[in-house]
Participant: 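Here you go, one structure.
Source: prediction; values computed, not measured. Computed over heavy atoms, backbone and side chain alike; hydrogens, waters and symmetry mates excluded.
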Amino acid sequence: MYTVDVIFPIYLKPLSYICPEPLVIGSIVLAPLKGTVKRGVVYRVYEETANLKQIVAVEEVRFSENHIKLLEWIKDYYHCEIGMAYRAMAFEGGEVCKVKKEVEVEFKPLSVDTQIIKKDSVCLMHTPSFRYEVSVVLGLLKETEGEVIILCPEVEEAKYVDSVVRVHLGKQTGLLHGQLTVNQKAKVFLDAIAGDVKIFIGTVSAALLPVKKPVMFIMLQCQSAYYKHEKVPRFNAREVLLKRAQMEGAFVLLMSPTPSTLSIYNVRTGMYNFVALEKLKRPDIKVINTKRFEEPITGRVMKAIISAIGKGLSVIIFVNRKGHSILMCSDCGHMDRCKRCKTTLVYNKGERRLRCPRCGYSVLVWEVCPKCMGVKFKELGAGTQRIEEFIKAQTGVEPLRVDSDIARTKSVLQGLLAAALKSQIVVGTKAVLKPLLFAGHFHVAVALNPDIYFAFADYLSCERLFEDMSALSEMVDSKGKVYVQTALPSEETYKYLESYDHEGFISYELEKRSMLSYPPFGRLCLITFYFKGETVHLDIPDMPEGVQLLGPVISRATKKGFFKESSAVIIKAVDDAAFYEGIERVANFARQKTLRLDIDVDPVMLS
């Protein structure tokens, strides 16, 4: 008899069982757990035996030893139990279902010379658009033998790339994303383990697919924040691919129209090779100073909108705020804030409620000011509802509004996006930033409230602004115009946007971050504590030398059940050893206080 340690997809360390035969590390087994039988993977094998429960069955397929090492790396790097690392890629369910392929889409590949890509390590490609990225994928797959994993940031993009690959190359693919059922996911995982399929396409979780011997990893739109896993373990798909490539000797291609500051830094320090495709002609970006204007849209921009409508052309208005406006008491200046996260509440006119745009907390709108009992109120700023009203009043055209107040389900959102292709004027939040769907479709684009990016206490805010405005420009034809209305025209980011100077913007960002020891010059970890109704005094122990503890601050994060209140701290350090020691001290403190904890190493959102 032998003893084996088995990893289960739960928040537990490996559990030990006996087995009559020596198993190979990575073997998939069925074993008794909490009154039922669970699927797990063999982590360690020992010759000695003990009085333990026995393995029920051993399945024919297994993970490679490198994949077990990958789980160990995720456990250490993202500071989580190995069971949670396994959970992120484990398949469940008994009956394996066939994965239904989506309707085939039309795509005309662009001529791209893939021979300029050095396929010996990691390459970053600065691409003009998503269409170019898909064309590069087709070119590389034609000349590559072996197993390949291709990642896309969102489900619709993954479905699109999967369809293009099947239509143009006639090859079988495995498609993995969050809209599949448990049994459909099991089918994809079993295909990966068995080696029956060579090309896998998917969203963030596809980075962990246990293919036997991957030769190439491709990541489209690699700057996207959607590549950060939302649940524990909070891994970044890019870092997972880089680690897998190092272990397997595979090639990694990262592609983006706006590569992140970190990616460009890695190019400049020699960690990545770099290829830049030819730049396309893009629409002019005009930054409009709104300091002297009270109306939500300036006269110059309104004339451009009316002119486009008169010619039968389409207009999109991007508003980074849903709802109607912010209500302020005219007498005392009072504005209601969220009781949970202290964010200013937004007036939702249709519901007659003040709602928090971050955590969803809401109250009925005032009849009188709760502070001074005044009855006169002023509306500040403009959300999608107010812009919708303003546009209709100015043009006589009913715009299509797209935001989460209307699109409460994915199917409703898809219907609205389809309708947007036929509408003259579209008013929407980030839900409409779809360069793949709307490439070159609009003639005029207007960005309202972009200054809200600067209000977030997040070192990535300027980068997100640059990315979103670039995505908006992709949705406008090359002879059109993009108007960015701002009360802060002297902000450096706007200067780089007007000239599409991405390289200059990155140099500006790196200079700022170097002075403040923000990534890539330092490490950050966001740790969130969850409470059952009452805020706990966080008397966190001292940090190691060279480690800063920022906070605690009230957090907007919530969990199901009793954990409705939360606070967060940020650990900041330059030295890796001190960084992880600081995380461990906070984790030990949480264990002693029996607090629920969420550890996010290298976060992509701080607020």
Side-chain angles (χ1 to χ4, degrees), residues 1-97 181-195 205 208-212 229 231-235 559-562 584 587-588 590-592 594-599:
M1 299 293 283
Y2 295 83
T3 298
V4 295
D5 289 344
V6 178
I7 305 169
F8 293 100
I10 53 180
Y11 189 76
L12 280 179
K13 294 181 179 179
L15 302 178
S16 298
Y17 295 84
I18 56 172
C19 186
E21 56 183 283
L23 297 178
V24 177
I25 292 174
S27 297
I28 298 173
V29 299
L30 297 176
L33 179 68
K34 296 182 179 180
T36 185
V37 175
K38 278 280 199 179
R39 180 183 279 113
V41 60
V42 174
Y43 182 54
R44 294 280 186 269
V45 181
Y46 312 92
E47 289 192 13
E48 64 267 19
T49 59
N51 185 22
L52 300 167
K53 292 181 180 180
Q54 187 169 329
I55 294 294
V56 174
V58 181
E59 299 191 349
E60 294 182 3
V61 294
R62 68 182 181 89
F63 296 145
S64 69
E65 194 167 336
N66 272 348
H67 218 72
I68 302 302
K69 291 178 180 176
L70 179 69
L71 296 182
E72 287 184 318
W73 176 81
I74 291 173
K75 169 182 73 75
D76 294 335
Y77 190 93
Y78 292 103
H79 205 279
C80 66
E81 292 291 350
I82 196 168
M84 299 307 287
Y86 174 50
R87 180 179 181 176
M89 51 79 64
F91 58 89
E92 295 294 331
E95 181 182 355
V96 176
C97 298
T181 66
V182 171
N183 288 334
Q184 287 173 333
K185 291 177 183 177
K187 162 66 175 169
V188 181
F189 276 105
L190 288 173
D191 284 344
I193 296 171
S205 58
L208 298 178
L209 275 170
V211 295
K212 284 186 175 180
H229 198 246
K231 299 179 181 178
V232 177
R234 292 184 175 275
F235 66 87
K559 281 187 178 292
K560 292 181 180 179
F562 297 105
E584 186 59 36
N588 285 335
R591 293 186 195 107
Q592 294 167 10
T594 63
L595 299 175
R596 184 68 65 88
L597 201 64
D598 189 330
I599 298 175

Participant: On a heavy-atom basis, which atom in I7 and which in P14 lie closest, and how many Å separate them?
Facilitator: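 I7 and P14 have their closest heavy atoms at CG1-CG, 4.2 Å.
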Participant: Checking H67 side chain against V211 main chain: does a donor-acceptor pair fall under 3.5 Å?
Facilitator: no
Participant: Sequence neighbours left out, what pairs pass salt bridge (Lys or Arg N to Asp or Glu O under 4.0 Å) with at least one residue falling in residues 11-36?
Facilitator: none
Participant: How far apart are the C-alpha atoms of V41 and V6, what are their side-chain angles, what is the distance that settles it, and do they pass the side chain to side chain contact (heavy atoms under 4.5 Å, CB included) test?
Facilitator: CA-CA 5 Å; V41 60; V6 178; 5.9 Å; no
Participant: Under the rule for side-chain hydrogen bond (donor to acceptor under 3.5 Å, both in side chains), what residues qualify as partners of S16, not counting sequence neighbours?
Facilitator: D5
Participant: Might you point out which heavy atoms bring S205 and A88 nearest each other, and give the distance in Å?
Facilitator: CB-O, 4.4 Å
Participant: With rounding to the nearest 0.5 angstrom, report the CZ to CG distance, F63 to L208.
Facilitator: 10.0 Å
Participant: Going from NE2 on H229 to CE on M89, what distance comes out if it is rounded to the nearest 0.5 angstrom?
Facilitator: 11.5 Å
Participant: Minimum heavy-atom separation for F189 and P210, please, with both atom names.
Facilitator: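 Scanning both residues completely, I find the closest heavy atoms to be CD2-CD, 3.5 Å.
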Participant: Could you state the interatomic distance from CZ (R87) to NZ (K231), rounded to the nearest 0.5 Å?
Facilitator: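 If I round to the nearest 0.5 Å, the distance is 7.0 Å.
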Participant: Does R62 have any salt bridge (Lys or Arg N to Asp or Glu O under 4.0 Å) partners at least two apart in sequence or in another chain, and if so, which?
Facilitator: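 Salt bridge (Lys or Arg N to Asp or Glu O under 4.0 Å) check on R62 returns nothing, list empty.
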Participant: Test of understanding: with ring-ring contact (aromatic ring centres under 6.0 Å, His included), list the residues that count as partners of Y77, not counting sequence neighbours.
Facilitator: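 Checked Y77 against ring-ring contact (aromatic ring centres under 6.0 Å, His included); matches are W73.
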Participant: Rounded to the nearest 0.5 Å, what separates atom CE in M84 from atom CD1 in I599?
Facilitator: 11.5 Å
Participant: So, using side-chain hydrogen bond (donor to acceptor under 3.5 Å, both in side chains) as the criterion, who are the partners of E72 when residues are at least two apart?
Facilitator: Y43, R44
Participant: Working to the nearest 0.5 angstrom, can you tell me the gap between C80 SG and L597 CG?
Facilitator: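 Spacing of SG (C80) from CG (L597) equals 12.0 Å.
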Participant: By ring-ring contact (aromatic ring centres under 6.0 Å, His included), which residues pair with H79, not counting sequence neighbours?
Facilitator: none
Participant: How close do L30 and I55 get, heavy atom to heavy atom, and via which atoms?
Facilitator: O-CG2, 3.6 Å
Participant: Measuring from Y86:OH to F8:CZ, what's the distance to the nearest 0.5 Å?
Facilitator: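 Rounded to the nearest 0.5 Å, the OH-CZ separation comes out at 8.5 Å.
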Participant: Please give me the minimum heavy-atom distance between P22 and Y2, naming the atom from each residue.
Facilitator: CD-CE1, 3.3 Å
Participant: Any idea which heavy atoms bring V24 and S27 closest together, and the distance?
Facilitator: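 The pair with the smallest heavy-atom distance is O-OG, 2.6 Å.
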Participant: Might you work through the side chain to side chain contact (heavy atoms under 4.5 Å, CB included) test for V4 and I18, ending with a clear yes or no?
Facilitator: CA-CA 6 Å; V4 295; I18 56 172; over 6 Å; no
